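Following: one structure in structure tokens, then a few remarks.
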Amino acid sequence: MTTPSQHRTGGVSHVALMLALTFSTGIIDAVGYVGLDRVFTGNMTGNVVLLGMALVGADHLPILGPVIALVCFMAGAALSGRLARGSEPGWTRRNTTQLGIVVAGLIACAVIVLTLPVVDITPLALTVTGLLGASMGLQAGAARHLAVADVTTVVVTSTLVGLAYDSVLGRGATHPWLRRALAVILIGLGAATGAWLHQFGLAPGILVAALITIVVAFLGHRGASRSETRA
């Protein structure tokens, strides 16, 4: 179990950093769903549901896009696990490296959509879908290593369950309601932001998410370095 001290490095709260990534995931999911033929690149639950419906021909839903997103997401998460092998709990240089790769993937996607015509179900669109899925899988793996309860950065269903189950209307237990509520609100706000940015094209949302990830990686790395110096 992760201890409270492992949720902070050098005065930087891991909760705050993961909440910021949750917001950026909302942006990327909006980019995928609105701009890449109704594909989720961060929320794999949504893709599984879409794929299940698509397989029986419901509403002409896409099949190839969700499959690519799922496979690439899992590949990104597997890479994250490989990079995290043997690392200590809390933020390490490997977390910084992983988020650096995420940023590289997002920037590559932005470059593609800025320089080439990415429309409908084309090889380019599927390439962007795959890169975004892999990036979000890697991000989710990095978040898993930090083990901030209720903030996985890519899904809030279990967070909603905890929020309602432990509330005064449910079990009435003490619980981190603010963190849970913020995770739900921020992924929604991120989706709204991504959908709004889409009116200017695919690139703006991707670039904003990349910028957020850069800031998170910088703050996390700086906090870990300060902790090492003090130690």
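The first residue in the sequence is number 1, and the count goes up from there. If you're wondering where the values come from, they're calculated on a predicted model, not measured in any experiment.
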Quiz item: Could you walk me through whether Asn43 and Ile187 pass the side-chain contact (heavy atoms from CB on, under 4.5 Å) check?
Solution: CA-CA 10 Å; Asn43 178 12; Ile187 201 168; over 6 Å; no
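- With values rounded to the nearest 0.5 angstrom, Asp37 atom CG is found 11.0 Å from Ile63 atom CD1.
- Taking CG of Leu131 as the start and CD1 of Ile107 as the end, the distance is 12.5 Å to the nearest 0.5 Å.
- A single hydrophobic cluster is seen to contain both Leu178 and Val151, as judged by linkage of ILVMFWY side chains at heavy-atom distances under 4.5 Å, directly or through other members.
- With rounding to the nearest 0.5 Å, the separation of CG in Leu202 from CG in Leu207 is 10.5 Å.
- Contact check for Leu21 versus Ser24: side-chain heavy atoms found under the 4.5 Å cut-off.
- Side chain of Ser80 to backbone of Gly76: no donor-acceptor contact under 3.5 angstrom is found.
- Nearest approach of Thr153 to Ala140, heavy atoms of both residues: OG1-CA, 4.2 Å.
- Counting only heavy atoms from C-beta outward, the side chains of Val154 and Met44 never approach each other to under 4.5 Å.
- Without hydrogens or angle criteria, His145 side chain to Pro89 main chain gives no donor-acceptor distance under 3.5 Å.
- Of all non-hydrogen atoms in Gly90 and Leu146, the two that sit nearest each other are C-CD2, 3.6 Å.
- The side-chain heavy atoms of Phe73 and Thr41, taken from C-beta on, include no pair separated by under 4.5 Å.
- Leu17 and Ile185 fall within the same hydrophobic cluster, defined by Ile, Leu, Val, Met, Phe, Trp and Tyr side-chain heavy atoms under 4.5 Å apart, directly or through other members.
- The shortest non-hydrogen separation linking Ala143 to Met18 is CB-SD, 3.7 Å.
- If you take CD1 on Ile68 and CG on Leu126, they are separated by 4.0 Å, rounding to the nearest 0.5 Å.
- Side chain of Thr129 to main chain of Gly65: no donor-acceptor pair is present (N/O by atom type, distance under 3.5 Å, no hydrogens or angles).
- In this structure, CD1 on Ile212 lies 9.5 Å from OG1 on Thr25, to the nearest 0.5 angstrom.
- For Leu106 against Ala209, the heavy-atom pair with the smallest separation is CD1-C, 4.0 Å.
- Annotation for Ala54 and Leu61: closest pair CB-O, 3.5 Å, computed over non-hydrogen atoms.
- Linking Ile, Leu, Val, Met, Phe, Trp and Tyr whenever their side-chain heavy atoms come within less than 4.5 Å puts Val128 and Ile101 in one cluster.
- Here the side chain of Asn47 pairs no donor or acceptor atom with the backbone of Leu70 at under 3.5 angstrom.
- Other residues, nucleotides and ligands place no more than 12 heavy atoms under 6.0 Å from the CD atom of Glu88.
- Taking the side chain as every heavy atom from C-beta outward, Val39 and Leu132 never approach each other to under 4.5 Å.
- Of the inter-residue distances, the one linking Met136 atom CE with Cys72 atom SG reads 12.5 Å to the nearest 0.5 angstrom.
- Of all heavy-atom pairs between Val156 and Ala183, the closest is CG1-O, 3.7 Å.
- Annotation: side chain of Trp91 is in contact with side chain of Thr96 (closest heavy-atom distance under 4.5 Å).
- Side chain of Asn95 to main chain of Thr92: a donor-acceptor pair is present (N/O by atom type, distance under 3.5 Å, no hydrogens or angles).
- For the 3.5 Å distance criterion, the side chains of Thr213 and Gln139 fail to qualify, holding no donor opposite an acceptor.
- In the hydrophobic cluster analysis, where Ile, Leu, Val, Met, Phe, Trp and Tyr join through side-chain heavy atoms closer than 4.5 angstrom, Val34 is grouped apart from Val113.
- Transitive grouping of hydrophobic side chains (ILVMFWY, heavy atoms separated by less than 4.5 Å) brings Phe218 and Phe23 into a common cluster.
- Sorted by first then second residue, the salt bridge (Lys or Arg N to Asp or Glu O under 4.0 Å) pairs that include residues 134-159, not counting sequence neighbours, are Asp150-Arg180.
- More than 12 non-hydrogen atoms from other residues, nucleotides or ligands lie less than 6.0 angstrom from CE of Met53.
- Side-chain contact between Arg179 and Val148 is present, with heavy atoms from C-beta onward closer than 4.5 Å.
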